[in-house]
Amino acid sequence: MSKKVSLGVAATVTLIAMAVTFSMTMTVSMNMFNNTVSSVKNKERMYNKLSEVDRYVRANEYFDINDDTLNDTIASGYMLGISDRYARYYSAKAYSERVGLANGRLMGIGAAVVKDPSSGYARIIRVYDNTPATNVGLEVGGFITAIGDTSTRSMSDTAAMTSALLGEEGSTVNIKYLTPLREEQSFEITHANYTTPSISTVRLMDNGVGYLRIDSFTSGTAVEFRNAVNSLTNQGATSLIFDLRDNSGENLNAALVATDYCVPSGLIAQSQDKGGNVADLRMSDENEITLPMVCLVNGSTASGAELFANALRKMAGATIVGSTTAGKGVLLSDPQSLSDGSAVVITVGILLDNEGKNWNGTGLTPDVDASLTNDEQSSYYDFTVDNDPQITKLSMPFPAPMASKRAGETQPEIYPKATPHNSRLAA
């Protein structure tokens with residue numbers, strides 16, 4: 001009798017379990033179906049609207065339509081409409097250039113340029129050693145006024161100017177050049193292979209302050225950074241300034257490796273995906289820099305550069321000086337290539353510091369506000385290490401101490417918090 005009861009109970013439990021499983025499966029399936037139907041309807045509405053616009057325009061538009069340009073613009077507009085400010089669409093040409101630069105197939109001329117706000121021309125802000133630019137005598141402060149037959153003034157932005165200067169090794173580009181003394185010259189420059197450093201300036205100041213200008217974080221930054229820091233400490237540097245102004249911090253891993261070299265052991269940063277899953281990005285080892293450190297930042301300091309400054313402040317007691325940073329605390333996808341050679345990049349997560357906090361959208365607030373005045377900002381690209389007002393103020397021998405973030409330690413710090421005595425830092 002007991003065996004029959006046991007079998008009956010088991011059968012009942014099995015039926016209940018099957019019923020529950022079926023019910024759950026049906027619920028999940030219905031949700032998936034409803035979501036799919038909703039998604040299909042949304043897509044149908046989107047395509048129908050685009051089709052309506054297209055039919056009307058093609059039937060009535062006076063000017064010719066370039067379908068390649070139209071398709072690129074539609075894709076770019078899609079990325080602008082998904083509430084992801086960091087999402088990017090790369091046309092086939094732009095993506096090919098990006099890949100070509102990464103694998104060394106394409107190269108510039110060895111000069112970094114920006115679109116000058118006053119003249120509209122391509123202003124040279126950096127000339128790298130042993131490059132085609134140095135071979136023909138281009139100088140910082142000069143202007144490239146035309147590339148080929150096109151005036152740089154007519155080019156939309158810095159990216160367009162930089163793109164126009166690219167070419168394969170052995171190819172040539174013709175430029176018109178205006179020297180810093182406003183002398184007009186013309187050059188035919190041959191593209192040649194060269195290495196662009198990510199650290200453009202390493203200097204030991206007279207008062208023992210070591211200065212490093214980190215223009216970007218790239219695959220070669222780790223070795224450059226270690227060699228630069230070691231060079232300064234071997235020369236007797238008593239403190240370090242890491243200039244991160246205008247550093248967009250694109251290579252996150254390079255920023256993490258450089259951070260690891262500076263901070264004591266512990267968690268540096270994490271990432272969090274859409275589902276709330278958190279993953280450690282890097283744990284630092286016991287090696288660290290024990291000198292007082294300053295990170296000089298501005299509104300264009302972003303992503304990995306913000307991570308670097310934030311970690312040095314929280315883990316090594318560094319002082320952040322300058323103005324509020326860009327607030328780009330996200331993890332981007334690798335470029336997803338499309339069938340026509342174009343590509344897209346989207347945000348796949350957010351960055352968290354070692355305390356689980358995120359700076360996306362807000363940026364890092366400096367410990368010492370040392371913003372440039374309007375006049376200083378307009379002369380920003382004219383400054384050198386010797387006369388840059390922010391660097392000059394930082395290299396002054398302030399005696400005030402600052403408590404280190406390392407537990408139980410206090411280090412002499414020559415860069416104090418803002419006080420009425422040194423409030424000129426906020427100029």
Side-chain angles (χ1 to χ4, degrees), residues 19-102 156-157 159-160 163 248-252 270-279 281 302-304 326-352 358-362:
V20 171
T21 301
F22 177 77
S23 177
M24 292 177 64
T25 302
M26 285 299 295
T27 300
V28 172
S29 297
M30 286 300 294
N31 287 337
M32 291 178 63
F33 176 78
N34 290 336
N35 289 337
T36 300
V37 170
S38 176
S39 178
V40 169
K41 288 182 177 179
N42 285 335
K43 288 180 180 178
E44 184 180 9
R45 187 168 68 249
M46 178 177 70
Y47 296 144
N48 285 343
K49 182 173 183 177
L50 185 59
S51 180
E52 282 186 80
V53 172
D54 190 56
R55 283 197 302 271
Y56 172 76
V57 170
R58 291 185 186 277
N60 298 282
E61 174 58 50
Y62 174 84
F63 296 103
D64 292 335
I65 298 172
N66 184 310
D67 283 318
D68 289 337
T69 301
L70 178 62
N71 288 333
D72 282 334
T73 306
I74 290 172
S76 181
Y78 181 96
M79 303 306 286
L80 290 173
I82 63 173
S83 301
D84 180 357
R85 61 184 292 197
Y86 306 115
R88 292 291 182 272
Y89 168 78
Y90 294 93
S91 67
K93 179 179 181 294
Y95 185 53
S96 177
E97 287 180 355
R98 176 172 173 150
V99 173
L101 286 168
S156 58
D157 53 23
S163 175
S248 58
E250 298 296 337
N251 190 319
L252 188 62
Q270 299 174 303
S271 65
Q272 179 178 305
D273 65 18
K274 188 174 182 179
N277 302 304
V278 176
L281 290 177
S303 194
K328 185 179 179 181
V330 298
L331 187 65
L332 298 177
S333 68
D334 292 328
Q336 174 65 46
S337 59
L338 307 178
S339 58
D340 66 348
S342 58
V344 294
V345 172
I346 60 173
T347 298
V348 294
I350 59 172
L351 297 175
L352 304 175
N358 173 255
W359 62 89
N360 188 52
T362 59

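Keep in mind that the numbers below use all heavy atoms, side chains included, and drop hydrogens, waters and symmetry copies.
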Working to the nearest 0.5 angstrom, can you tell me the gap between [X] [atom1] and [Y] [atom2]?
{"X": "Tyr90", "Y": "Asp72", "atom1": "OH", "atom2": "CG", "result": "14.0 Å"}
{"X": "Thr347", "Y": "Lys274", "atom1": "OG1", "atom2": "NZ", "result": "11.5 Å"}
{"X": "Glu52", "Y": "Asp54", "atom1": "CD", "atom2": "CG", "result": "11.0 Å"}
{"X": "Gln270", "Y": "Leu351", "atom1": "CD", "atom2": "CG", "result": "10.5 Å"}
{"X": "Leu281", "Y": "Ser271", "atom1": "CG", "atom2": "OG", "result": "4.5 Å"}
{"X": "Tyr89", "Y": "Leu80", "atom1": "OH", "atom2": "CG", "result": "12.5 Å"}

Could you list the donor-acceptor pairs under 3.5 angstrom formed by side chains in residues 336-343, with sequence neighbours left out?
residue : atom : partner : partner atom : Å
Asp340  : OD1  : Ser342  : N            : 3.1
Asp340  : OD1  : Ser342  : OG           : 2.5

Side-chain donor/acceptor of Thr73 to backbone N/O of Thr69, under 3.5 Å: yes
Quick check: does any side chain N or O of Asn60 sit under 3.5 Å from a backbone N or O of Tyr56, one acting as donor and the other as acceptor? yes
Is there a side-chain contact between [X] and [Y], using heavy atoms and a 4.5 Å cut-off?
{"X": "Leu252", "Y": "Leu332", "value": "no"}
{"X": "Ile65", "Y": "Asp67", "value": "yes"}
{"X": "Val345", "Y": "Met79", "value": "no"}

If you compare all heavy atoms of [X] against all heavy atoms of [Y], which two are closest, and at what distance to 0.1 Å?
{"X": "Tyr78", "Y": "Met46", "result": "CE1-SD, 4.3 Å"}
{"X": "Gly329", "Y": "Asn360", "result": "N-OD1, 3.1 Å"}
{"X": "Gln272", "Y": "Val278", "result": "OE1-CG2, 3.7 Å"}
{"X": "Gly327", "Y": "Arg85", "result": "O-NH1, 4.4 Å"}

Set of residues satisfying side-chain contact (heavy atoms from CB on, under 4.5 Å) with respect to Leu50, sequence neighbours excluded: Ile74
